[in-house]
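The structure appears below as structure tokens.
Naming convention: chains lettered A, B, ... in sequence-line order (proteins, then strands); numbering from 1 in each chain.
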2 protein chains.
Amino acid sequence: MNKNDTTKSKILDAAEQLFAERGFAETSLRTITARAKVNLASVNYHFGSKKSLIQDVFDRFLSEYSSVLNAQLNSLESNQSDSLTTETLLRALVSPLLALEKQREQSISIFMRLLGRAYAETQGHLRRHVTDKYGYVLVRFTLLFQNAYPNLSNDQIFWRLHYTLGSLIFTLAGSDALREIAEADFDRKMAIEEVIDEMIPFLAAGMKA
Amino acid sequence: MNKNDTTKSKILDAAEQLFAERGFAETSLRTITARAKVNLASVNYHFGSKKSLIQDVFDRFLSEYSSVLNAQLNSLESNQSDSLTTETLLRALVSPLLALEKQREQSISIFMRLLGRAYAETQGHLRRHVTDKYGYVLVRFTLLFQNAYPNLSNDQIFWRLHYTLGSLIFTLAGSDALREIAEADFDRKMAIEEVIDEMIPFLAAGMKA
DNA sequence: AAAAATATCAAACATCTGTTTGAAACATAC
DNA sequence: GTATGTTTCAAACAGATGTTTGATATTTTT
């Protein structure tokens, strides 16, 4: 059987999409199993509980993302001896998302809405799980920026990085809706790549301010 | 009886805080009425339904916010004949939040998490309600920026404004948690005003990029 | 091919959800 | 002070939720 057609991954696919669309609490296991065309009980059989399913959805996405990102940072570090430019670093942050989009044939906004939701779950199990398991990616990124901007203080780097993440997550999470509004106003539907191309100079200018 | 001690406003207060902390679906009417120390049935008596309660929570916050913001923009427009600086406009956007924080003795992050949640509710009744009723504030803001940057195209203004909103909402929504992390790293707890003072140059540089 | 382990299924379970009800308490008007 | 309208309250309601069960089917191992 194809690896993407197992009951387990059919559930993950359906859950990922529905969680991004509606949120965690607003998505029932019955809705998930209906879309995945599997039996209701199979969620608890394969994942144990809804909580674990949510974490597994994030694990699948974040492990794919951070492995591509880490590879990208490795090659950047080895090819360039001196410090990297802001634009290059920001592209390294975003491009794994575009790669994932192509590979999975799924909008970036799905992933970003998931991330945004994890972020909003300030008190929940999810935020702890994500930061425990993938916080090192953010740390690595912080170090690269500290290297690129030796004249900025550490807490300035820290905060500017979060301003940047806010822009990225927020804009990309709403990019589908925003692009529709923009289309109505300006008679042209932008590609997601164009939105990103517009955003990176904006963010780079802020980082350098 | 004090206007803030009515059953209705006790429910609004409790709901506002709980919605921001946990989300809408994750907050039951029983949790709300327990914290507000009122009877369960009083929510449906005073608000009709949970849906209406959610909308009323937003209406209370957004009408207070946008009335202060509009007043601020009015006085800015009348005092300065030529176009306004980015920094001034951004301060006008944020300062009503600081005023609300003082007046209500409640963290800004509560309001911002509420806004972020409304934003995440891409398909729900709430997003429509908010944009229908308060979208004009955003339009007014867009026009001011178009005036300040006549050389930028309209869709550039549109997108940069959304990058800015993303940074603002995301950072301020997580400001409590972020300030705690920053405190552990740098041995100093920043005031929310300091975070904003750091953020405005960042955003202004992006707008001007 | 028999045996063992794994996976699927329909049905039931207990619990929690928003909402409604009808009576009681309270406030206001005449 | 009685009558009228408004608000509070405990209890019940119907429906949805995550989870468990035990039987059946499927796959893997021997």
D:dT7 phosphate, OP1 or OP2: any side-chain N/O from B:Thr7 under 4.0 angstrom?
-> no
Considering just the side-chain nitrogens and oxygens of B:His46, establish if one lies under 4.0 Å of OP1 or OP2 belonging to D:dT8.
-> yes
Interatomic distance, [X] [atom1] vs [N] [atom2] [rounded to whole Å]:
X	N	atom1	atom2	result
A:Asn39	C:dT8	CG	P	9 Å
B:Arg22	C:dT17	CZ	P	10 Å
A:Lys37	C:dA10	NZ	P	15 Å
A:Lys10	C:dA7	NZ	P	14 Å
A:Lys8	C:dT8	NZ	P	11 Å
A:Asp5	D:dT26	CG	C1'	17 Å
A:Glu26	C:dT17	CD	C1'	14 Å

Give me the distances for all protein-to-nucleotides 22-24 of chain D N/O pairs that come in under 3.5 Å?
none

What are the two closest non-hydrogen atoms of A:Thr27 and A:Lys50, and how far apart are they?
-> O-NZ, 2.8 Å
Do A:Thr142 side-chain atoms and A:Leu138 backbone N/O form a donor-acceptor pair below 3.5 Å?
-> yes
Counting only N and O atoms by type, is there a donor-acceptor contact under 3.5 Å from the side chain of B:Ser28 to the main-chain atoms of B:Thr31?
-> yes
Tabulate atom names and distances for all N/O pairs under 3.5 angstrom spanning the protein and nucleotides 18-25 of chain C.
unit_1: C:dG18; atom_1: OP1; unit_2: B:Lys50; atom_2: NZ; d: 2.7
unit_1: C:dG18; atom_1: OP2; unit_2: B:Leu29; atom_2: N; d: 2.9
unit_1: C:dG18; atom_1: N7; unit_2: B:Arg30; atom_2: NH1; d: 2.8
unit_1: C:dG18; atom_1: O6; unit_2: B:Arg30; atom_2: NH2; d: 2.8
unit_1: C:dT19; atom_1: OP2; unit_2: B:Asn44; atom_2: OD1; d: 3.2
unit_1: C:dT19; atom_1: OP2; unit_2: B:Lys50; atom_2: N; d: 2.8
unit_1: C:dT19; atom_1: O5'; unit_2: B:Asn44; atom_2: OD1; d: 3.4

For A:Ile11, the option from A:Asp56, A:Val57, A:Val43 that meets side-chain contact (heavy atoms from CB on, under 4.5 Å) = A:Val43
Less than 4.0 Å between a side-chain N and a carboxylate O, is that true for [Y] and [X]?
X	Y	result
B:Glu77	B:Arg140	yes
B:Lys189	B:Glu194	no
A:Arg104	A:Glu16	yes

Could you go through the side-chain hydrogen bond (donor to acceptor under 3.5 Å, both in side chains) check for B:Ser95 and B:Gln72 one step at a time?
-> CA-CA 9 Å; B:Ser95 69; B:Gln72 206 129 24; 3.1 Å; yes
Relative to each other, are the rings of B:Phe58 and B:Phe24 parallel, tilted or perpendicular (30° and 60° limits)?
-> tilted
Side-chain contact, heavy-atom cut-off 4.5 Å: B:Phe47 with B:Gln55?
-> no
Ring centres under 6.0 angstrom apart (B:Phe202, A:Tyr163) | yes
The helix from C:dA1-D:dT30 to C:dC30-D:dG1: angle between end helix axes, five pairs per end, rounded to 10 degrees = 10°
